[in-house]
Enquirer: 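Shown below is the structure under consideration.
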Amino acid sequence: MDNNSRRNFIKKTLIASTAVGLGGVLPGFSAKSYNRIVGSNEKMRVSVMGVNSRGAALAQNFASQAQSEVIHVCDVDSRAIDKCKTGLAKFQNTTVTGFRDFRKSLESKDVDIFVIAAPDHWHAPAAILASQAGKSIYLEKPCGHNPREGELLIAAANKYGNIIQMGNQRRSWPNVVKGIEEVHNGTIGKVFYAKTWYTNNRPSIGVGKKTSVPSWLDFDLWQGPAPRTAYQDNLLHYNWHWFWNWGTGEALNNGTHMVDLARWGLQVDYPTRVSSNGGRYAYQDDWETPDTQVISLEFGPDRMITWEGRSCNAMTTEGSNVGVIFYGSNGSLQIDGANSYKLFDIKGKLVKEVKDSGPIDTASLSSPSQQLDALHMQNMFAAMKTSGNLNSDIVSGHKSTLLVQLGNIALRAGKQLEINPQNGYILNDDNAMKNLWSREYAKGWEPKV
């Protein structure tokens with residue numbers, strides 16, 4: 001039996017003999033919904049959950065790859081399904097089926113890869129269901145709404161042996177990789193501090209009005225695992241990011257990317273101490289998460305990461321609205337939002353700049369970022385076919401996500417947190433571990449492995 005056949009046999013056996021539980025599973029959804037065996041020259045078939053914005057871009061990107069085709073799009077907004085299907089017609093000739101309920105897609109043995117771009121509160125629960133169904137998963141950051149969900153994802157991947165690639169795609173951008181290698185190779189000496197940031201100029205979301213649910217929306221399924229609240233007119237399709245019931249704030253929305261690079265560059269796992277300050281300062285409205293926040297993460301006696309988020313003031317930091325700078329004993333290295341980096345000496349003089357070399361090999365995609373993101377997808381394809389390494393496996397993805405989650409917990413707890421550097425658990429604060437490490441779920445929707 002060759003390696004591919006052996007892996008699929010083991011995967012089928014595991015799925016047939018075990019089960020992951022999550023409330024609300026459709027009748028007929030069972031372990032028989034495992035992956036089909038993909039031949040080396042056969043296209044991998046993709047289903048995308050959440051196709052209003054980011055998911056639509058991901059769908060087009062997967063449709064543009066020679067190795068894959070999109071066969072399903074899933075969204076609780078029927079308008080998004082129709083729009084996404086129309087957009088995909090420009091990139092592939094494959095017929096696309098739309099589902100309001102993504103679980104119907106997971107029942108299909110034809111789906112090889114399940115892409116999750118739904119709101120944050122759905123990321124881990126949907127990925128656990130997809131793991132049960134034997135699918136390989138491309139999971140947008142953050143990997144979970146809370147730390148416990150990251151732990152459950154790791155448990156699910158270990159139990160089912162499936163691939164979960166988190167969408168912190170800069171881990172696959174060539175010049176970003178080179179920049180991190182410079183840090184690891186000692187180009188700037190001993191590195192002790194990484195500063196990360198994100199700035200924007202987001203307007204007020206106002207005070208929402210309770211109103212009837214639009215006919216195009218399945219709001220009950222949109223809420224899914226989250227405790228139920230009444231529909232209001234300033235939630236969809238983006239402002240949910242700023243409500244704790246569904247979102248995780250700017251820290252996980254954009255901070256995850258750069259904090260991940262910082263953790264990668266410093267070669268650290270779990271912190272020893274975390275503090276955070278901030279709040280909703282710019283406007284008085286329904287926005288609950290901070291629009292201004294600073295997170296400080298200490299790793300033992302000699303390394304630190306900070307993240308500064310400014311959602312309502314777009315003044316740049318170091319000439320960029322997003323980035324990370326590594327500070328070392330011999331110099332500094334800066335990575336912005338592009339596939340590039342700058343190297344400075346100890347006095348701050350620019351001594352080297354590596355810029356993006358231009359389009360790669362996906363001519364059908366006009367956006368440079370989409371072309372770069374395709375490399376992350378191709379890394380996943382290679383791992384599926386050859387058991388190669390993922391650039392962002394779920395263990396690594398959870399560790400980076402956890403850092404900004406701990407920042408949010410410190411802010412909400414109103415205190416500095418002491419952390420176990422072996423596992424990331426909060427020490428000496430039973431209330432924080434009990435109330436903020438996990439969350440409440442709608443009855444019957446609790447994710448379990």
Enquirer: Does the side chain of Pro225 come within less than 4.5 Å of Pro447's, by heavy atoms?
Expert: no

Enquirer: Taking His72 for its side chain and Val96 for its backbone only, find out whether a donor-acceptor pair lies under 3.5 Å.
Expert: no

Enquirer: Can you tell me which residue among Thr289, Asp291, Thr292 is in a side-chain hydrogen bond (donor to acceptor under 3.5 Å, both in side chains) with Arg280?
Expert: Asp291

Enquirer: Relative to the ring of Trp222, is the ring of Phe219 parallel (under 30°), tilted (30 to 60°) or perpendicular (over 60°)?
Expert: parallel

Enquirer: If you measure only the distance, is there a donor-acceptor pair under 3.5 Å linking the side chains of Asn408 and Gln405?
Expert: no

Enquirer: Quick one: does any side-chain atom of Asp75 pair with a main-chain N or O of Val51 as donor and acceptor, under 3.5 Å?
Expert: yes

Enquirer: I need the minimum non-hydrogen distance between Asp393 and Gln165, along with the two atoms involved.
Expert: N-OE1, 4.2 Å

Enquirer: Is the closest basic N to carboxylate O distance between Lys347 and Asp345 below 4.0 Å?
Expert: no

Enquirer: Would you mind reporting whether Asn61 and Phe91 have side-chain heavy atoms less than 4.5 Å apart?
Expert: no

Enquirer: Give, for atom CD of Glu149 and atom CZ of Arg439, the distance between the pair rounded to the nearest 0.5 Å.
Expert: 7.0 Å

Enquirer: Which residue in the set Glu353, Gln334, Glu182 passes side-chain hydrogen bond (donor to acceptor under 3.5 Å, both in side chains) when paired with Tyr341?
Expert: Glu182

Enquirer: May I have the step-by-step check of side chain to side chain donor-acceptor pair (under 3.5 Å) for Gln232 and Asp286, ending in yes or no?
Expert: CA-CA 11 Å; Gln232 61 188 63; Asp286 286 340; 3.3 Å; yes

Enquirer: Which heavy atom of Asp429 sits nearest to which heavy atom of Ala432, and what is that distance?
Expert: OD1-N, 3.0 Å

Enquirer: What verdict does the side chain to side chain donor-acceptor pair (under 3.5 Å) test give for Glu181 and Asn185, after you've listed the backbone C-alpha separation in whole Å, the side-chain angles of each residue and the deciding distance to 0.1 Å?
Expert: CA-CA 6 Å; Glu181 288 175 349; Asn185 292 337; 5.5 Å; no

Enquirer: Could you tell me if the side chain of Leu221 sits less than 4.5 Å from the side chain of Trp122, heavy atoms only?
Expert: yes

Enquirer: Without hydrogens or angle criteria, can the side chains of Tyr281 and Asn313 be said to hold a donor-acceptor pair below 3.5 Å?
Expert: no

Enquirer: Heavy-atom distance under 4.5 Å between the side chains of Tyr138 and Val46, does that happen here?
Expert: no

Enquirer: Please determine whether a side-chain nitrogen of the Lys or Arg among Asp373 and Arg54 lies less than 4.0 Å from a carboxylate oxygen of the Asp or Glu.
Expert: yes

Enquirer: Counting distance only, does the side-chain N/O of His241 pair as donor-acceptor with the main-chain N or O of Leu252 below 3.5 Å?
Expert: no

Enquirer: Are Ser105 and Lys135 packed together at the side-chain level, in the sense that at least one heavy-atom pair is separated by less than 4.5 angstrom?
Expert: no

Enquirer: Please name the pair of heavy atoms, one in Met49 and one in Ala126, separated by the smallest distance, quoted to 0.1 Å.
Expert: SD-CB, 3.7 Å

Enquirer: Tell me whether the rings of Trp242 and Trp287 are parallel (<30°), tilted (30 to 60°) or perpendicular (>60°).
Expert: parallel

Enquirer: Do Met377 and Gln67 come close enough that some side-chain heavy atom pair is under 4.5 Å?
Expert: no

Enquirer: Over 60° means perpendicular and under 30° means parallel, so classify the ring planes of His237 and Trp216, tilted if in between.
Expert: tilted

Enquirer: About how many Å separate CG of Asn420 and OH of Tyr270, when rounded to the nearest 0.5 Å?
Expert: 9.5 Å

Enquirer: Using the rule given for side chain to side chain contact (heavy atoms under 4.5 Å, CB included), can you reason through Leu436 versus Asn146, listing the C-alpha separation, both sets of side-chain angles and the distance that settles it, and then say yes or no?
Expert: CA-CA 8 Å; Leu436 296 171; Asn146 55 76; over 6 Å; no

Enquirer: Using a strict 4.0 Å threshold on nitrogen-to-oxygen distance, state whether Arg263 and Asp269 make a salt bridge.
Expert: yes

Enquirer: Among side-chain atoms of Ser392 and Asn168, is any donor-acceptor pair under 3.5 angstrom?
Expert: yes

Enquirer: Does a salt bridge link Lys141 with Asp260, judged by any charged N lying under 4.0 Å from a carboxylate O?
Expert: no

Enquirer: Any Lys/Arg nitrogen of Lys448 or Glu446 sitting under 4.0 Å from an Asp/Glu carboxylate oxygen of the other?
Expert: no

Enquirer: Check whether the side chains of Asn245 and Glu288 place a donor and an acceptor atom closer than 3.5 Å, and report yes or no.
Expert: no

Enquirer: Nearest heavy-atom pair of Asn391 and Asn379: which atoms, and what distance?
Expert: N-OD1, 2.8 Å

Enquirer: Heavy-atom distance under 4.5 Å between the side chains of Tyr198 and Asn321, does that happen here?
Expert: yes

Enquirer: Are the side chain of Ser276 and the backbone of Val294 linked by a donor-acceptor contact shorter than 3.5 Å?
Expert: yes

Enquirer: Find out whether Phe326 and Thr187 are in side-chain contact, i.e. whether some heavy atom of one side chain is under 4.5 Å from a heavy atom of the other.
Expert: no

Enquirer: Can any side-chain N or O of Ser329 pair as donor or acceptor with the backbone N or O of Lys190 at less than 3.5 Å?
Expert: yes

Enquirer: What is the distance from atom OG of Ser136 to atom CZ of Phe114, rounded to the nearest 0.5 Å?
Expert: 12.5 Å

Enquirer: Begin with the C-alpha distance, continue with both residues' side-chain angles, and end with the deciding distance and a verdict on salt bridge (Lys or Arg N to Asp or Glu O under 4.0 Å) for Lys43 and Asp112.
Expert: CA-CA 9 Å; Lys43 284 193 174 186; Asp112 305 306; over 6 Å; no

Enquirer: Carefully, step by step, assess Phe243 and His121 under the rule side chain to side chain contact (heavy atoms under 4.5 Å, CB included).
Expert: CA-CA 11 Å; Phe243 293 83; His121 69 287; over 6 Å; no

Enquirer: Heavy atoms only: give me the nearest Leu411-Pro290 pair and the separation to one decimal.
Expert: CD2-CG, 3.0 Å

Enquirer: How close do Tyr425 and Met433 get, counting heavy atoms only, and between which atoms?
Expert: CD2-CE, 3.8 Å

Enquirer: Taking atom CG as the centre, does Asn423 end up with more than 12 heavy-atom neighbours from other residues, nucleotides or ligands that are less than 6.0 angstrom away?
Expert: yes

Enquirer: For Ile71 and Val111: C-alpha separation, side-chain torsions, deciding distance, then whether side chain to side chain contact (heavy atoms under 4.5 Å, CB included) applies.
Expert: CA-CA 8 Å; Ile71 63 169; Val111 173; 4.0 Å; yes

Enquirer: Please walk me through it: do Leu297 and Trp307 pass side chain to side chain contact (heavy atoms under 4.5 Å, CB included)?
Expert: CA-CA 9 Å; Leu297 303 138; Trp307 180 76; 6.0 Å; no

Enquirer: Tell me if a side-chain donor or acceptor on Gln169 pairs with a main-chain N or O of Leu372 at a distance below 3.5 Å.
Expert: no

Enquirer: For Ala80, is there any backbone N or O sitting under 3.5 Å from a side-chain donor or acceptor partner on Asn52?
Expert: no

Enquirer: Is there a donor-acceptor pair closer than 3.5 Å between any side-chain N or O of Trp197 and the backbone N or O of Arg310?
Expert: no

Enquirer: So how far is it from Thr401 OG1 to Ile394 CD1, rounded to the nearest 0.5 Å?
Expert: 7.0 Å

Enquirer: Give a yes-or-no answer on whether the side chains of Gln378 and Gln65 include a donor-acceptor pair shorter than 3.5 Å.
Expert: yes

Enquirer: Measure from the side-chain N and O atoms of Arg228 to the backbone N and O of Ala226, and report whether any donor-acceptor pair falls under 3.5 Å.
Expert: yes

Enquirer: Side chain to side chain donor-acceptor pair (under 3.5 Å), that's the test. Do Asp285 and Ser204 meet it? Break it down for me.
Expert: CA-CA 7 Å; Asp285 55 12; Ser204 172; 2.8 Å; yes

Enquirer: Kindly compute the distance separating CG (Asp356) from OG (Ser340), expressed to the nearest 0.5 Å.
Expert: 7.0 Å

Enquirer: Rounded to the nearest 0.5 Å, what separation is found between the NZ atom of Lys195 and the OG atom of Ser296?
Expert: 13.5 Å

Enquirer: Please indicate whether Gln416 has more than 12 foreign heavy atoms, meaning atoms of other residues, nucleotides or ligands, lying under 6.0 Å from its CD.
Expert: yes

